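Read through the structure below, which is laid out as structure tokens, and then see the notes.
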2 protein chains.
Amino acid sequence: MTKQILPLLDSGCCAPLAREPLSPQQAGTLAPMFKALGDPVRLRLLSMIASAAGGEVCVCDLTGGFAQSGPTISHHLRVLRESGLLDCERRGTWVFYWLRPGVLDQLAAVLDSTQPREAVGAPA
Amino acid sequence: MTKQILPLLDSGCCAPLAREPLSPQQAGTLAPMFKALGDPVRLRLLSMIASAAGGEVCVCDLTGGFAQSGPTISHHLRVLRESGLLDCERRGTWVFYWLRPGVLDQLAAVLDSTQPREAVGAPA
DNA sequence: CACTTGTTTCGACATCTGTCAAGTTAGACG
DNA sequence: CGTCTAACTTGACAGATGTCGAAACAAGTG
């Protein structure tokens, strides 16, 4: 069910944005994830899923909260899935979506600016 | 020089994504910022500016690092500025850009998922 | 098997986006 | 003022994106 997933930030991926310039490759890996977050409908979908009690939500419980049609919600879920933020599984009639663990934290870490620069590693 | 800026997350704006579902309004405020981050060129620009020594960079020091034309870089800088992530000022011949303080941290806070749900405020 | 419900895919369409070439504005310097 | 450089704006264009209705697919139920 899960289609092509972008090369995952294996472990941390990159230093925070504000510590050193991102390489074109790093930017190319991160941008699609931020892009997936760059739509109000997708942000709300992600939030509904991320904040759900069991950590997962049935599509049937998502569509009701939006003015958009079923196919449109399905499209946005696919974008979130293919960007590596969500995963899903069919169980009988229903399809459940959940947050891929850790991905949001990695994105948050990239945005973190508490260690602007010089305070990096200087051993002495 | 600074044009129309989106309604700024006054103070925190919203609870983390994973704590409770975003309202349509909150999603509408946040999405344009994530959208601005959703392009590799803009991510690199932002990173170059955020990690720069003095906290600001002259446009003339940015354009060299990209295959894109000057107007294209200018366009991306405008998108970053109008989404509220950057600010700029002209000094003589040159224009300098810098990170709007706090904005990145607010976005990071929205993505933070260390307090999934129930651990919220329950007084007892 | 036919029927119903949940979900995705397909096809179409209007809008938005990234890009560049060409032209314009802003300031510095004679 | 004229000219040079830095940066932005405009106009154009190919390609991506958000949206929907219709059709297809998946599973359960009679």
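Proteins come first, then strands; the chains are lettered A, B, ... in the order of their sequence lines, and each starts at number 1. Quantities reported herein were computed from a predicted structural model and do not represent experimental measurements.
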Protein-nucleotides 20-22 of chain D N/O pairs under 3.5 Å:
| residue | atom | partner | partner atom | Å |
| --- | --- | --- | --- | --- |
| D/dC20 | OP2 | A/Ser69 | N | 2.7 |
| D/dC20 | OP2 | A/Ser69 | OG | 3.0 |
| D/dC20 | OP2 | A/Thr72 | OG1 | 2.7 |

Sugar-phosphate, base or nothing in reach of A/Arg42, heavy atoms under 4.0 Å: sugar-phosphate

Most 5' of A/Trp94 and B/His75 on DNA chain C, judged by nearest nucleotide: A/Trp94

Among D/dA6, C/dC16, D/dT9, the nucleotide that comes nearest once only the side chain of B/Arg90 is considered: D/dA6

Sugar-phosphate, base or nothing in reach of B/Tyr97, heavy atoms under 4.0 Å: sugar-phosphate

Nearest-nucleotide comparison on DNA chain C, the residue closer to the 5′ end among B/Val41 and A/Cys60: A/Cys60

D/dT9 phosphate, OP1 or OP2, under 4.0 Å from B/Arg78 side-chain N/O: yes

Proximal nucleotide (of C/dG18, D/dT9, C/dA28) relative to the B/Thr93 side chain: C/dA28

Rounded distance in Å - CG (A/Asp39) to P (C/dT17): 11 Å

Candidate pair A/Asp87 and A/Tyr97, rule side chain to side chain contact (heavy atoms under 4.5 Å, CB included), full reasoning: CA-CA 6 Å; A/Asp87 207 347; A/Tyr97 279 79; over 6 Å; no

B/Arg100 side chain reached by B/Leu85 side chain, heavy atoms, under 4.5 Å: no

For atom CZ of B/Phe66 and atom P of D/dA7, their distance in whole Å: 14 Å

Interatomic distance, A/Leu45 CG vs D/dG18 P [rounded to whole Å]: 12 Å

B/Arg81 CZ - D/dC8 P separation (whole Å): 7 Å

Rounded distance (Å) that lies between atom P of C/dG27 and atom CZ of B/Arg91: 14 Å

Interatomic distance where CZ belongs to A/Phe96 and C1' belongs to C/dT7 [whole Å]: 13 Å

Heavy-atom side-chain proximity of B/Arg44 to B/Phe66 below 4.5 angstrom: yes

Sugar-phosphate, base or nothing in reach of A/His76, heavy atoms under 4.0 Å: sugar-phosphate

Cation-pi, B/Phe96 ring and B/Arg91 (6.0 angstrom, 45 degrees): yes

Nearest-neighbour nucleotide for the B/Lys35 side chain, D/dC8, D/dA27, C/dC16 considered: C/dC16

Path from B/Ile73 to B/Val57 over hydrophobic side-chain contacts below 4.5 Å: yes

Atom pair distance, as rounded to whole Å: CD in B/Glu82 and C1' in C/dC16: 15 Å

Separation of atom CG in A/Leu77 from atom C1' in C/dG6, rounded to whole Å: 13 Å

Flag, side chain of B/Ser83 to backbone of B/Ala36, donor-acceptor distance under 3.5 Å: no

Whether B/Glu82 side chain and B/Val79 backbone form a donor-acceptor pair below 3.5 Å: no

